[in-house]
Amino acid sequence: MSTTTVRLATPPQIIYNQTMLDIKYIRENPDAVQTAAKNKGYAVNIAELLESDKTRRDLQGETDALREKRNAISAQMKGGKPSPELIEQGKLIKDELSHIENRLREADENFAKIMMGIPNVMADDVPIGGEELSVEIRTWGERKSGAIDHVDFCEKRDWLDFERGAKVAGAKFYYLKNELALLENAIYQFALGKLIAKNFTFMTVPHMVNQRTAEGAGFAPKSDKESNEYFIDGENMMLVGTAEAPLTGYHADEILDEDDLPLFYAGYSPCYRREAGTYGKHTRGLFRVHQFNKLEMYAFCLPEQSADIHEKILAIEEEIWQELEIPYHVINIASGDLGAPAAKKYDIEYWSPVDAKYRELTSCSNCTDYQARNLNIRVRRKNGAIETVHTLNGTAVALARSLVAIIENYQLPDGRLRVPIALQSFMNEMEIL
RNA sequence: GGAGAGGUGACCGAGUGGUUGAAGGUACUGGUCUUGAAAACCAGCGUGCAGCAAUGUACCGAGGGUUCGAAUCCCUCCCUCUCCGCCA
């Protein structure tokens, strides 16, 4: 495609059966949903939602009754020549119906709008509060102290070039060069091999997704100024911030077989993030950039499986960092830092000898039925019942950050870098770079 | 990008504006038959919303329109396929 065609923006499609949380659940547990939203820091009004729901349902009932009448009248006209009286009746109903259908449409749109803003409820063991209340649940490895910043370390070796990245693209774009680029590939190969051995289905994925997929997976809509996503002008698409987005959409509108679940996918993609407003924070170098590569784990499963699978995904992440011998701790993320889709989230933070603190390395979330409901992903049970599936995602390796963790923990005093034993077979058996 | 042909249920595939939620076939499920299996035969078999249920209603790519009534007619958009062009 040589030119970008400019199309009229597609009017937002309100899909009424695709609500963020199950409205039935909200009707029965309004307080729980209201409290959960508050603890996550979302300003939503459940009372207003329920009122809107009532209006919508009442209008739906009136509409259905009118349609029934209309259908009955036209059924009488089948075959013979319609009588003028019947046609007159039909016309009356038509007018009445179009009036009430307009009101119904408005009510549906209003309802959908409110529903969009309702975040998923949390698991019971999620700490309530802001980021600082996240709970450390495990530590591993020996924390080192004192190391050279990875940017300084890498630039001396001609491994990393932010200056030219800025010249060619902009701030926070970079080139990886020489051994560092090879090391990135080695980490990727190492992690990919592990996931394949664990029977994940490996996929490369679209690097752009449409608005429905993006919003369904829980990524901010275009209208959100705070959005971390890059949108393609005139295309109604965004560059993915993670393979989670295209992986979530993979089974959209499908009814899966119970026997096929759980499904485990590994998706590899570049990740594009605007990171607007983060320039002031301590994010020097590769730790927070506009583009990086990531291997992501993703699972579709039965509701009763998701809690265990969440632990399983976390265990795989830990296995990766243990084999790479990077000290870390695992934290259970507090409600205020969970985001809308997640019911529970674990982060792994590695120990940074440069900063003398833990810094985020990976993250895995149980989104329960939130994403699946948005994107209409269901399962047919053996008994024939149809239910919304649960989805989970977790970082296998986020490459840029992984490099930071390794450089900080494996550097030698003479300016060289040891290669983690687990990676040596992917680095031509080199032990020191 | 140009020209043409299409988008119907898990899949294939009928469908004249009203008798089509949708023929027929395949797959699947249950049953009969059989030592067992296959075959044959009988029956069942979409999703959402409302309802205890009966049932009502909506959905034939999406959105609008015409009509008393639309899977069927009109418009716009999306997607797929074939040929041409271009290209890793």
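The structure presented is a predicted model; accordingly, all values stated were derived computationally and were not measured. Chain identifiers are assigned alphabetically (A, B, ...) following the order of the sequence lines, protein sequences preceding nucleic acid strands; residue numbering begins at 1 within each chain.
- The pairing partner recorded for U82(B) is A3(B), the criterion being a Watson-Crick or G-U wobble arrangement whose two distances lie under 3.5 angstrom.
- The side chain of S74(A) sits closest to G69(B) out of C49(B), U47(B), G69(B).
- Across all strands shown, nothing is found opposite A88(B) as a Watson-Crick or G-U wobble partner with both distances under 3.5 Å.
- One interatomic measurement links the two molecules: CD of E254(A) to C1' of A10(B), which rounds to 11 Å at whole-angstrom precision.
- For E317(A), the salt bridge (charged side-chain N to carboxylate O under 4.0 Å, His left out) test picks out no residue, with sequence neighbours left out.
- Among A50(B), G48(B), U67(B), the nucleotide with an atom closest to any side-chain atom of K94(A) is U67(B).
- Side-chain atoms of N71(A) lie closest to A58(B) of the nucleotides G18(B), G46(B), A58(B).
- Nucleotide A62(B) has U76(B) as its partner under the Watson-Crick or G-U criteria, with both atom distances under 3.5 Å.
- Where R70(A) and I255(A) meet RNA chain B, the nucleotide closest to each residue was compared, and I255(A) sits on the side nearer the 5' end.
- To the nearest angstrom, C1' of U47(B) lies 9 Å from CG of N376(A).
- For the pair K54(A) NZ and A50(B) C1', the computed distance is 13 Å after rounding to whole Å.
- Regarding R373(A), its CZ atom lies at a distance of 12 Å from the P atom of G48(B), rounded to whole Å.
- Judged by a 6.0 Å distance limit and a 45° cone about the ring axis, R359(A) is positioned over the six-membered ring of F287(A).
- In this pair, F426(A) and F190(A) present their aromatic rings perpendicular. The plane angle is above 60°, beyond the 30 to 60° band.
- Under the Watson-Crick or G-U wobble criterion, with both distances below 3.5 Å, A27(B) is left unpaired in every strand shown.
- Of all nucleotides listed (G56(B), C68(B), A50(B)), G56(B) comes nearest to the side chain of E68(A).
- Side-chain proximity of K24(A) to the nucleotides G64(B), C49(B), U57(B) is greatest for C49(B).
- Nucleotides A27(B) and U80(B) are separated by 24 Å at their C1' atoms, to the nearest Å.
- In the model, S363(A) has no side-chain atom that pairs as donor or acceptor with a side-chain atom of Y346(A) under 3.5 Å.
- Regarding D108(A), its CG atom lies at a distance of 13 Å from the P atom of C49(B), rounded to whole Å.
- A sub-4.0 Å separation between OP1 or OP2 of U47(B) and a side-chain N or O of R380(A) is present.
- Between the C1' atom of G48(B) and the CZ atom of R56(A) lies a distance of 11 Å, rounded to the nearest Å.
- N374(A) and E215(A) form no side-chain donor-acceptor contact under 3.5 Å, judged by distance and modelled atom types alone.
- Between the CG atom of D260(A) and the P atom of A10(B) there is a distance of 16 Å, given to the nearest Å.
- A22(B) and U16(B) have their C1' atoms separated by 15 Å, given to the nearest Å.
- If you find the closest nucleotide of RNA chain B to R57(A) and to R378(A), the one lying nearer the 5' end belongs to R378(A).
- To the nearest whole angstrom, the two P atoms, one in C12(B) and one in C81(B), are 14 Å apart.
- A cation-pi arrangement is found for R56(A) relative to F111(A), the charged atom lying closer than 6.0 Å to the ring centre and inside a 45° cone about the ring normal.
- I386(A) comes within 4.0 angstrom of the backbone, heavy atoms only, and of no base.
- Across all strands shown, nothing is found opposite A14(B) as a Watson-Crick or G-U wobble partner with both distances under 3.5 Å.
- Across all strands shown, U55(B) forms a Watson-Crick or G-U wobble pair with A50(B), both key distances being under 3.5 Å.
- Judged by Watson-Crick or G-U wobble contacts below 3.5 Å, the nucleotide U32(B) has A40(B) as its partner.
- Between R27(A) and A50(B), a side-chain N or O to OP1/OP2 separation shorter than 4.0 Å is present.
- Using bins of under 30°, 30° to 60° and over 60° for the plane-to-plane angle, the ring pair F173(A)/H290(A) lands in the tilted bin.
- In this entry U20(B) has no Watson-Crick or G-U wobble partner, no candidate having both defining distances under 3.5 Å.
- For the P atoms, the distance from U26(B) to A43(B) is 14 Å, rounded to whole Å.
- R105(A) has its CZ atom 20 Å from the P atom of C49(B), to the nearest Å.
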